[in-house]
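Below is one structure, written out as structure tokens, with a few remarks after it.
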Amino acid sequence: MTFEPNPESSRDEQQNRFPEAYSVLRKAIAEQAFPGCSFGLLHDGKVILHDSLGHFTYENSKSQSVTPETLYDVASLTKVVTTTSAAMLLHQRGLLDLDTPLGELLPGFVVGRDPAEHARRVTVRHLLAHNSGLPGYVPFFHTATTPYAVLRGCLQLPIEAEPGTRAEYSDPGFILLGKALEAILREELAPWARREVFLPLGMTASRYCPAAHLRPEIPPTEEDELFRQRRIQGEVQDEHAFLLNGAGGHAGLFSNVPDLLRFAVSVLDPDRNPLFAPETIEHFARRQAPVGSSRALGWDTPSEDSSSGRFFSTRSIGHLGYSGCSLWIDREAQLAAILLTNRTWPHRESQQIRAVRPAFHDAIRKAL
């Protein structure tokens, strides 16, 4: 049975119960941290907050209003909703050993390298934990023009540290992870995720590469003056995901709050949405090396200055998206909070979202 995320109270009741959370978001919109947002809160199996504020852009008189069902480019939430989910299910089904060397799945990662190089010791687990030694980000799109060129660039990157000894959040690592999982699946990750993750959970809005008729209904992410020289609306903002035909292991997913609430239920209440086994969730939620890293397998966990704020427990897992999206799940408090924005509109420079996220989460927790 799929979970239907219908709020149990009216909008007025929600605003009366969470006045500080609404205040945080209204202030953020007024100060142009983002033009609009959709948000939701699940607690003890019930949706107690599901609403939206603001518009698609700052031209309020001309711009569409955000609704609770508005579809957003969720950027790196792709890493958990699609790629980590695929790894969890493959591991659960006995088809993926997390300690498999990446070179066994993608031989191009080790061919031509010195046998003594760190690359031969990089495993799937290292990619999930962001401790492979790969760099955090490399702008391949300045020269790459094809999916193969992006993949080749990732395959040939130097491993800058002994695997397992350095934590560095790595987009190239998740691009490679997506391709490694495709080697096991023998099909592309996006259609597999739709069939094996989205449809079983009732996530009917979630998709890659939205059709042309849907694009005007999606908030734009930026006026791109560097790469595509046009407004980016309804197509993935991330340049490398764009070059990977709109779907990378690191980015490319479009989703909305109701679908992400359904996904959260599969983590919080596996009996209700039986996709992941409890032991699989527990295994992937465990922090990984090195000591001091907040990274679990695919997931992040609360750190000292976490975007989850001050009140999410140590048993929480979550992730952020560059476009201004976040998903935090507190497994101890049986709570999930989702905030979707287009904070990169019209340009990427603003970092106000860094203060908004913890303030929003703190306000929710205090109201509870």
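Since this is a predicted model, take the numbers as computed values, not measurements.
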* Asked: Phe312 ring centre to Arg365 NZ or CZ under 6.0 Å, with the angle to the axis within 45°?
  -> yes
* **Phe227 six-ring centre to Arg230 NZ/CZ under 6.0 Å and within 45° of normal** => no
* Asked: Charged N to carboxylate O under 4.0 angstrom, Glu187 versus Arg195?
  -> yes
* Asked: Salt bridge or not for Arg231 and Glu222, using N-O below 4.0 Å?
  -> no
Sequence neighbours excluded, every pair satisfying salt bridge (Lys or Arg N to Asp or Glu O under 4.0 Å) that has a member inside [range]:
range            : result
residues 247-257 : none
residues 124-147 : Asp99-Arg125
residues 238-267 : Glu4-Arg262, Glu239-Arg348, Asp259-Arg262
residues 27-43   : Lys27-Glu31

With distance as the sole test, does [X] use its side chain to make a donor-acceptor pair with the main-chain N or O of [Y] at under 3.5 Å?
X      : Y      : value
Asp269 : Val265 : no
Gln92  : Leu275 : yes
Ser294 : Asp300 : no

* Ring centres under 6.0 angstrom apart (Phe3, Phe263) -> no
Quick check for you: to the nearest 0.5 Å, what is the distance between [X] atom [atom1] and [Y] atom [atom2]?
X      : Y      : atom1 : atom2 : answer
Leu127 : Ser132 : CG    : OG    : 5.5 Å
Leu105 : Leu177 : CG    : CG    : 9.5 Å
Ile175 : Leu134 : CD1   : CG    : 10.5 Å
Leu260 : Leu77  : CG    : CG    : 6.5 Å
Gln288 : Thr301 : CD    : OG1   : 10.5 Å
Ser170 : Lys79  : OG    : NZ    : 8.5 Å

Minimum heavy-atom separation for [X] and [Y], please, with both atom names.
X      : Y      : answer
Arg331 : Leu268 : CA-CD2, 3.9 Å
Cys325 : Arg357 : O-NH2, 3.2 Å
Ala333 : Asp44  : O-OD1, 4.1 Å
Ala190 : Ala247 : CB-CB, 4.1 Å
Val356 : Val24  : O-CG1, 4.0 Å
Ser85  : Val197 : CB-CG2, 4.1 Å

* Structure fact -> Between Phe140 and the options Leu157, Asp171, Leu151, Leu243, the side chain to side chain contact (heavy atoms under 4.5 Å, CB included) test singles out Leu157
Who pairs with [X] by side-chain contact (heavy atoms from CB on, under 4.5 Å), at least two apart in sequence or on another chain?
X      : answer
Arg354 : Gln351
Leu368 : Arg17, Phe18, Leu41, His43, Ile48, Leu335, Ile364
Asn60  : His55
His347 : Glu223, Glu225, Glu349

* Asked: More than 12 foreign heavy atoms under 6.0 Å from CZ of Arg194: is that the case here?
  -> no
* If you draw a 6.0 Å radius around NZ in Lys366, do more than 12 non-hydrogen atoms from other residues or ligands fall strictly inside? -> yes
* Check against side chain to side chain contact (heavy atoms under 4.5 Å, CB included), Glu168 and Asn131 -> CA-CA 6 Å; Glu168 182 165 359; Asn131 63 11; over 6 Å; no
* Walk me through it: do Ser313 and Asp330 pass the test side-chain hydrogen bond (donor to acceptor under 3.5 Å, both in side chains)? => CA-CA 6 Å; Ser313 78; Asp330 190 330; 2.7 Å; yes
* To do: Any ring-ring contact (aromatic ring centres under 6.0 Å, His included) involving residues 147-167? Give me the pairs, sequence neighbours left out, ordered by first then second residue.
  => none
* Structure fact -> So ring-ring contact (aromatic ring centres under 6.0 Å, His included) across residues 183-210, not counting sequence neighbours, yields none
* Please step through side-chain hydrogen bond (donor to acceptor under 3.5 Å, both in side chains) for the pair Ser307 and Trp328, ending with a clear verdict. => CA-CA 9 Å; Ser307 65; Trp328 277 103; 2.9 Å; yes
* To do: Check the pair Glu304 / Arg310 against salt bridge (charged side-chain N to carboxylate O under 4.0 Å, His left out), numbers first and verdict last.
  => CA-CA 8 Å; Glu304 189 173 341; Arg310 295 172 290 162; over 6 Å; no
* Test Thr123 against His126 for side-chain hydrogen bond (donor to acceptor under 3.5 Å, both in side chains), laying out the working first. => CA-CA 5 Å; Thr123 66; His126 291 133; 3.1 Å; yes
* Quick one: do Glu217 and Leu71 satisfy side chain to side chain contact (heavy atoms under 4.5 Å, CB included)? Show the steps, please. => CA-CA 7 Å; Glu217 305 302 313; Leu71 199 66; over 6 Å; no
* Asked: Which residues pass the ring-ring contact (aromatic ring centres under 6.0 Å, His included) test with His130, sequence neighbours left out?
  -> Tyr169, Phe174
* Not counting sequence neighbours, which residues clear side-chain hydrogen bond (donor to acceptor under 3.5 Å, both in side chains) with Arg152? List them please. => none
* side-chain hydrogen bond (donor to acceptor under 3.5 Å, both in side chains) between Thr57 and Ser63: does it pass, once the steps are laid out? -> CA-CA 6 Å; Thr57 70; Ser63 181; 3.3 Å; yes
If you define the side chain from C-beta out and look only at heavy atoms, does anything of [X] sit under 4.5 Å from [Y]?
X      : Y      : answer
Ile159 : Phe109 : yes
Met203 : Val81  : yes
His361 : Pro358 : no

* To do: Before giving the answer on side chain to side chain contact (heavy atoms under 4.5 Å, CB included), spell out for Tyr22 and Asp51 the whole-Å C-alpha distance, their side-chain angles and the decisive distance to 0.1 Å.
  => CA-CA 10 Å; Tyr22 277 88; Asp51 206 352; 2.6 Å; yes
